[in-house]
Amino acid sequence: MDEYASLSHSKWECKYHVIFIPEGRRKALYGQLRKHLGEVFKELARQKECRIEEGHLMPDHVRMMIRSRLSMRCRRW
């Protein structure tokens, strides 16, 4: 997707690569918790007016590529 935000003299695309890792990299992200986490992340992105462009729920970590407005900062997550 090649959507860029723009002003009169600039264009940009703001994405964050986010990785969540449980303490000790426990293999805790299986089964019902895995299904529930997907729904939670989608709802959080909707509330923050962001979009999860790509996401992978692995047994011991979660990876996501999040598209955001330029004014949205990672610390607000």
Side-chain angles (χ1 to χ4, degrees):
M1 184 171 186
D2 292 327
E3 288 182 16
Y4 294 98
S6 64
L7 293 172
S8 61
H9 295 290
S10 61
K11 292 187 179 211
W12 65 87
E13 180 178 42
C14 188
K15 292 183 181 180
Y16 295 102
H17 182 211
V18 180
I19 303 172
F20 292 99
I21 302 172
E23 185 175 333
R25 289 185 81 95
R26 292 188 314 254
K27 308 240 186 281
L29 303 179
Y30 271 128
Q32 292 297 327
L33 180 60
R34 180 182 176 124
K35 185 179 285 188
H36 179 68
L37 280 177
E39 295 170 7
V40 169
F41 288 137
K42 288 176 186 174
E43 177 62 21
L44 183 60
R46 188 190 64 76
Q47 289 175 7
K48 298 292 184 178
E49 299 175 5
C50 296
R51 185 173 62 212
I52 299 174
E53 292 199 341
E54 186 177 340
H56 301 282
L57 286 165
M58 307 305 284
D60 62 345
H61 67 281
V62 177
R63 292 179 171 264
M64 292 187 293
M65 180 67 69
I66 301 171
R67 178 184 284 251
S68 175
R69 300 183 320 265
L70 186 62
S71 62
M72 175 73 176
R73 294 196 174 89
C74 206
R75 63 182 162 87
R76 290 187 184 173
W77 269 72

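Computed from heavy atoms alone, side chains included, the values below leave out hydrogens, waters and symmetry copies.
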Between [X] and [Y], what is the shortest heavy-atom contact and its length?
X: Ile52; Y: Phe41; answer: CD1-O, 3.5 Å
X: Ile66; Y: Cys50; answer: CG2-CB, 3.8 Å
X: Ile19; Y: Arg63; answer: CD1-NH1, 3.6 Å

Evaluate the side-chain proximity of Leu37 to Phe20: yes if any heavy-atom separation is below 4.5 Å, no if none is.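 They are not in side-chain contact.
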
Report the distance from atom CD of Glu53 to atom CE of Met64, rounding to the nearest 0.5 Å.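 So the gap between those two atoms works out to 12.5 Å.
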
Nearest 0.5 Å please: distance from the CZ atom of Arg67 over to the CD atom of Glu54.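 Arg67 CZ to Glu54 CD: 12.5 Å, rounded to 0.5 Å.
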
Are Leu44 and Met65 co-members of a hydrophobic cluster defined by side-chain heavy atoms under 4.5 Å apart?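 No: no chain of side-chain contacts under 4.5 Å links Met65 to Leu44.
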
According to salt bridge (Lys or Arg N to Asp or Glu O under 4.0 Å), who are the partners of Arg46, at least two apart in sequence or on a separate chain?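 By the salt bridge (Lys or Arg N to Asp or Glu O under 4.0 Å) rule, Arg46 matches Glu43.
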
